[in-house]
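Please read these numbers as outputs of a predicted model, since none were measured by experiment. Just so you know, ligand 1 is whichever comes first in the structure, and atom 1 is the first atom listed for that ligand.
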Amino acid sequence: MKIAVVGAGAMGSLFGAMLAEAGNEVWLYDVWVEHVKIINKDGLRIEREGQTRTLSIEATTDPEQIGQAELVIIFVKSTHTASAAETARKLAGSDGAVMTLQNGMGNADILSEFIDPERVLAGTTSHGATLLGPGSIRHAGIGTTTIGAWAETEQGRERARKLSDFFTKIGIETEAVDDVRSLLWNKLLINIGINAITALTTIKNGQILDLEITRELSRNAVEEAMKIAGQMNIKVREDAVDHVYAVAEATALNRSSMGQDVDNKRQTEIGTINGFIVRQAKRLGMQAPVNQTLTALIQTLEYHYQ
Ligand code: NAD
């Protein structure tokens with residue numbers, strides 16, 4: 001299959017590499033010139049459990065070079081989805097599929113403004129990756145990928161099932177679900193309960209559980225978001241708070257992605273996580289003071305980065 005990855009940072013490079021190693025024609029597209037140059041010159045370096053392998057893979061800063069792809073995978077941060085969608089529209093041509101496995105909410109809606117929603121797939125992945133520097137990533141964790149069709153039509157679902165079978169066959173364990181909105185909301189609730197709190201306080205994920213007052217803050221943020229989901233008729237897991245605590249425990253020594261962004265003075269994905277809840281609450285005439293406060297604090301921190 002001919003596949004283009006838009007946003008070839010940690011996760012884009014990882015998925016691009018796994019797909020290329022399985023024999024697909026893969027192109028990495030990124031706006032980061034130095035990264036692309038190094039990949040083309042020396043190959044992409046992938047570190048996994050202390051071993052490093054180098055993969056020869058096509059990378060470009062010019063989407064015109066790629067031509068049309070059967071599958072376009074979006075892996076920019078959610079703050080850049082609109083510009084990635086514009087590129088994806090060209091790369092996918094008239095019948096390619098476009099898939100997002102990004103965190104945050106709103107990515108698939110943005111993609112659907114540019115591409116026929118019938119061809120948009122969304123999902124989550126438990127693979128984890130870290131960018132070590134230009135041309136170099138670490139495959140930090142392996143897990144399941146779950147996808148579904150954004151347009152809840154039979155044609156869309158069939159596309160999601162076929163793609164998940166294809167991914168699984170080549171070694172990227174993937175499941176297809178019918179209710180992709182619930183899937184994304186359940187992931188969103190985890191990010192809501194962990195990311196901003198850890199980013200603001202410099203703690204690791206597991207430390208959310210150490211103090212009752214921190215657990216309560218996490219619980220309040222999640223329960224507030226669950227109320228919004230209820231108003232929107234989105235089914236989320238009833239034990240979402242316990243699930244957040246379980247994820248915090250299972251990833252106890254990790255610094256959340258938002259934590260890493262703040263540590264490195266990078267723009268975070270707050271607007272599509274807690275900020276998304278605030279916007280939905282406003283739209284529905286509801287209140288979301290906990291998520292509003294977390295959003296305001298992160299945005300203040302970002303504004304004052306040196
Ligand atoms: P990253 O910052 O490492 O990579 C993003 C890349 O996008 C960068 O290389 C950047 O140069 C590029 N980019 C920015 N604007 C672009 C544009 N308009 N066109 C093309 N490229 C552009 O981010 P990441 O850690 O790979 O995360 C990507 C997404 O995946 C995020 O939504 C993140 O939350 C999600 N995610 C990350 C992980 C993880 O372990 N890192 C796991 C699951 C989900």
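Figure legend: R181 and W150 shown as a cation-pi pair, the cationic atom lying under 6.0 angstrom from the six-membered ring centre and within 45 degrees of its axis.
A side-chain N or O of N103 and one of K187 form a donor-acceptor pair less than 3.5 Å apart. In this structure, a donor-acceptor pair under 3.5 Å is absent between the side chains of S164 and T174. Q102 and S78 are not linked by any side-chain donor-acceptor pair at a separation below 3.5 angstrom, with hydrogens and angles left out of the test.
Of the protein's non-hydrogen atoms, F75 O, 3.6 Å is the one closest to atom 5 (C) of ligand 1. Of all protein heavy atoms, the one lying nearest to atom 40 (O) of ligand 1 is A129 N, 2.9 Å. Nearest protein heavy-atom neighbour of atom 25 (O) of ligand 1: A10 CB, 3.9 Å. Atom 36 (N) of ligand 1 has N103 ND2, 3.6 Å as its closest protein atom, hydrogens excluded (heavy atom only). Counting protein heavy atoms only, atom 18 (N) of ligand 1 is closest to S83 OG, 2.7 Å. Annotation: atom 9 (O) of ligand 1 to nearest protein heavy atom, D30 OD2, 2.7 Å. Among protein heavy atoms, the minimum distance from atom 34 (O) of ligand 1 is reached at E269 OE1, 2.6 Å. Among all protein heavy atoms, the one lying closest to atom 7 (O) of ligand 1 is G7 CA, 3.5 Å.
Taking a cut-off of under 4.0 Å to the non-hydrogen atoms of G128, the atoms of ligand 1 that pass are 40 (O). Taking every non-hydrogen atom of Y29 and a distance limit under 4.0 Å, the qualifying atoms of ligand 1 come out as 19 (N), 20 (C). Within ligand 1, counting atoms from 1 as listed, the ones closer than 4.0 Å to a heavy atom of G9 are 3 (O), 4 (O), 6 (C), 9 (O).
For the pair I137 and T130, the minimum side-chain heavy-atom distance is 4.5 Å or more. A 4.5 Å side-chain heavy-atom check between T61 and D30 finds every atom pair outside the cut-off.
Of all the listed residues (K77, H139, M11, Q102), M11 holds the heavy atom that lies closest to atom 38 (C) of ligand 1. Nearest residue to atom 13 (N) of ligand 1 from V33, L131, V76 is V76 (criterion: closest heavy atom).
In this structure, H127 is part of the shell of residues with a heavy atom less than 4.0 angstrom from ligand 1.
Using a 30° and 60° split on the angle between ring planes, F75 and F15 fall in the tilted class, from 30° to 60°.
In Q51, the CD atom is not crowded: 12 or fewer heavy atoms of neighbouring residues, nucleotides or ligands sit closer than 6.0 Å.
Salt bridge K77/D261: present, at least one basic N to carboxylate O contact under 4.0 Å.
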